[in-house]
Amino acid sequence: MLIRTQNQGYDHAISSEITSASLYHRRRDWLRLMAAGAAGGAMASWASREALAQTTRPGKLAPLPGGKSVVTGAVTMEKPTPYEDASTYNNYYEFGTDKADPARNAHRLKTTPWTVSVEGLVKKPMQFALEDLLKLAPMEERIYRMRCVEGWSMVIPWVGYSLSALVKKVEPLGSAKYVEFVTLADRKTMPFVGSRILDWPYTEGLRMDEALHPLTLLSFGMYGEVLPNQNGAPVRLVVPWKYGFKNAKSLVTIRFTEQQPGTAWNKAAANEYGFYSNVNPDVPHPRWSQATERRIGEDGLFAKKRKTLIFNGYEAQVGQLYAGMDLKKFY
Ligand code: MTE
């Protein structure tokens with residue numbers, strides 16, 4: 001995010017420059033919704049049009065199917081980003097700073113065995129083997145709009161369950177006000193750990209009510225398969241109303257704290273990346289506007305940019321969390 005390119009901009013290469021334009025559209029969720037009569041009459045013509053579309057999964061990794069999401073707002077009508085784009089245009093600084101580096105280097109990440117420690121101010125601290133974490137709650141498919149602080153966006157069908165299911169298991173103490181997310185930092189497999197770009201391990205944090213919000217997802221898969229390493233295997237956070245850097249990848253520790261935890265990008269540049277980092281078109285990054293965005297895989301360099309939505313379009317679901325807060329101050 002801090003990397004300048006020659007033309008004075010920041011690293012905004014569009015996906016079609018680095019990948020073939022293969023098409024991948026996921027329709028199953030909508031077809032299921034329509035079959036269940038849950039999506040309402042207004043959707044009927046759209047759905048019958050889309051019913052003709054092919055439902056496939058990429059077939060690259062092990063399947064991880066999720067049932068229909070029961071969380072309001074967890075499914076957008078927008079077209080999912082092609083898998084090839086979502087899995088090759090990434091930020092995962094442990095594996096390099098170029099958007100193509102994670103896909104190039106993350107095969108070195110060893111995801112089995114994997115344990116997540118849930119600790120801190122909780123009644124029942126627990127160490128979860130990945131296999132147990134996978135069984136903790138029913139998997140849902142959540143098609144979320146995602147917005148990176150750099151000005152691009154994607155639509156991704158994640159598979160996982162609300163983080164709140166895990167939080168409830170460990171019974172946080174009354175003194176727990178925040179949740180810190182710590183990710184793997186393994187010098188042997190991650191070539192950029194030890195570099196001075198960030199303070200490793202990469203960490204993130206949420207306020208307790210944000211962590212408990214049903215949209216906050218603990219994700220194990222995308223596009224009906226387990227996560228590719230470059231997208232944060234084997235387990236990552238997804239908070240769709242915040243900028244993408246909140247979505248810590250390859251989690252190893254989830255810690256409940258009384259004080260607001262430090263976060264990787266806030267430590268690197270506090271005036272640019274705040275703790276909250278809610279998507280907000282009215283609060284520019286100090287070096288660029290956040291009013292518009294480019295959808296990866298759809299909007300070419302010369303396409304008119306899309307307007308960015310407050311809370312990335314999830315205001316109805318999450319606006320209440322920030323009632324009365326000055327969002328310019330708590331950026
Ligand atoms: N998690 C770790 N561990 N390391 C990182 O560098 N980058 C973040 C976030 N999570 C990052 C991370 C940033 S800047 C973004 S935009 C998203 O991951 C990108 O996630 P995606 O690859 O699924 O699009």
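Residue numbers count from 1 along this sequence.
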Thr115 and Leu130: CA distance, side-chain angles, deciding distance, side-chain contact (heavy atoms from CB on, under 4.5 Å) verdict: CA-CA 6 Å; Thr115 308; Leu130 182 68; over 6 Å; no
Heavy-atom pair of closest approach, residues Leu251 and Leu237: CD1-N, 4.0 Å
Side-chain heavy atoms of Glu94 within contact of Val193, under 4.5 Å: yes
Nearest atoms (heavy-atom pairs only) where Thr183 meets Ala248: CG2-CB, 3.6 Å
Worked verdict on Asn90 versus Lys99 for side chain to side chain donor-acceptor pair (under 3.5 Å): CA-CA 5 Å; Asn90 304 106; Lys99 293 284 177 284; over 6 Å; no
Side chains of Phe181 and Tyr202 in contact at under 4.5 Å (non-hydrogen atoms): no
Option among Trp200, Trp265, Phe245, Phe192 that satisfies the ring pair (Phe, Tyr, Trp, His ring centres under 6.0 Å) test with Tyr93: Trp265
Beyond-backbone contact of Met139 with Val159, side-chain heavy atoms, under 4.5 angstrom: yes
Check: Thr308 and Val279 side chains under 4.5 Å, non-hydrogen atoms: yes
Set of side chain to side chain contact (heavy atoms under 4.5 Å, CB included) partners for Ser164, sequence neighbours left out: Ser162, Lys168, Leu212
Reported CG-to-OG distance for the pair Leu121 and Ser175, which is rounded to 0.5 angstrom: 4.0 Å
Working for side chain to side chain donor-acceptor pair (under 3.5 Å), residues Glu119 and Ser117: CA-CA 6 Å; Glu119 56 188 52; Ser117 172; 2.5 Å; yes
Leu133 CG to Gln127 CD distance, which is reported to the nearest 0.5 Å: 11.5 Å
CA sep, side-chain torsions, deciding dist, call: Thr292, Arg306, side chain to side chain donor-acceptor pair (under 3.5 Å): CA-CA 5 Å; Thr292 59; Arg306 298 163 192 245; over 6 Å; no
Residue pair Phe220, Tyr161: steps toward the ring-ring contact (aromatic ring centres under 6.0 Å, His included) verdict: CA-CA 9 Å; Phe220 304 85; Tyr161 51 75; 5.4 Å; yes
Ser153 to Glu293 - nearest heavy-atom pair and separation: OG-OE2, 2.9 Å
Lys/Arg cation over aromatic Phe275: Lys246, 6.0 Å, 45° cone: yes
Distance, nearest 0.5 Å, that separates CG of Asp186 from CZ of Arg108: 9.0 Å
Lys169 atom NZ, over 12 foreign heavy atoms within 6.0 Å: no
Nearest-0.5 Å distance, OH of residue Tyr223 to OG1 of residue Thr81: 5.0 Å
Working for side chain to side chain donor-acceptor pair (under 3.5 Å), residues Arg236 and Ser219: CA-CA 5 Å; Arg236 66 174 289 175; Ser219 174; 5.7 Å; no
Distance-only polar pair, side chains of Tyr276 and Arg207, donor-acceptor under 3.5 Å: yes
Arg104, CZ atom: more than 12 neighbouring heavy atoms under 6.0 Å: yes
Centroid-centroid distance, Trp152 to Tyr89, less than 6.0 Å: yes
Main-chain N/O of Gly174 paired with Lys177 side-chain donor or acceptor, under 3.5 Å: yes
Hydrophobic cluster (4.5 angstrom, side-chain heavy atoms) - remaining members for Val283: Tyr331
Atom pair CD (Gln230) and OG1 (Thr88), whose distance is rounded to the nearest 0.5 Å: 8.0 Å
Rounded distance (nearest 0.5 Å) linking atom CD1 of Ile156 with atom CG of Asn231: 6.5 Å
Short side-chain to backbone donor-acceptor contact, Lys242 and Leu206, under 3.5 Å: no
Short side-chain to backbone donor-acceptor contact, Tyr144 and Trp241, under 3.5 Å: no
Arg294 versus Gly300, closest heavy-atom pair with distance: CD-O, 3.5 Å
Main-chain N/O of Arg295 paired to Asp299 side chain as donor or acceptor, under 3.5 Å: yes
same_hphob_cluster(Leu309, Trp288) at 4.5 Å side-chain heavy-atom cutoff: no
Main-chain N/O of Ala233 paired with Ser250 side-chain donor or acceptor, under 3.5 Å: yes
Pairing of Glu141 and Lys68 as salt bridge, 4.0 angstrom limit: no
Derivation and outcome, salt bridge (charged side-chain N to carboxylate O under 4.0 Å, His left out), residues Glu78 and Arg145: CA-CA 8 Å; Glu78 289 167 72; Arg145 211 176 296 114; 2.6 Å; yes
Test side-chain contact (heavy atoms from CB on, under 4.5 Å) applied to Val179 and Thr257, step by step: CA-CA 6 Å; Val179 189; Thr257 64; over 6 Å; no
Centroid separation Phe128 to Trp114 less than 6.0 Å: no
Any donor-acceptor N/O pair, Asp101 side chain to Thr97 backbone, under 3.5 Å: yes
Check: Pro102 main-chain N/O paired with Asn105 side-chain donor or acceptor under 3.5 Å: no
Close aromatic pair by centroid cut-off 6.0 Å: Phe95 and Tyr92: yes
Side-chain donor or acceptor of Asp85 paired with backbone N/O of Ile296 under 3.5 Å: no
Plane angle bin for Tyr273 and His285 - parallel if under 30°, tilted between 30 and 60°, otherwise perpendicular: tilted
Within-4.5 Å side-chain heavy-atom neighbours: Leu166 and Leu136: yes
Val239 side chain reached by Glu210 side chain, heavy atoms, under 4.5 Å: no
Side chain to side chain, Lys307 and Pro281, heavy atoms closer than 4.5 Å: no
Verdict with supporting geometry, Tyr178 and Arg255, side-chain contact (heavy atoms from CB on, under 4.5 Å): CA-CA 8 Å; Tyr178 295 90; Arg255 186 178 295 127; over 6 Å; no
Gln317 versus Gly73, closest heavy-atom pair with distance: NE2-CA, 3.6 Å
Positive for side chain to side chain contact (heavy atoms under 4.5 Å, CB included) with Glu180, one of Ile254, Thr253, Thr203: Thr203
Minimum side-chain heavy-atom gap Arg142-Val71 below 4.5 Å: yes
Minimum heavy-atom distance Lys60-Glu225, with the two atoms named: N-OE2, 3.1 Å
Pro240 backbone acceptor or donor facing Asn312 side chain under 3.5 Å: yes
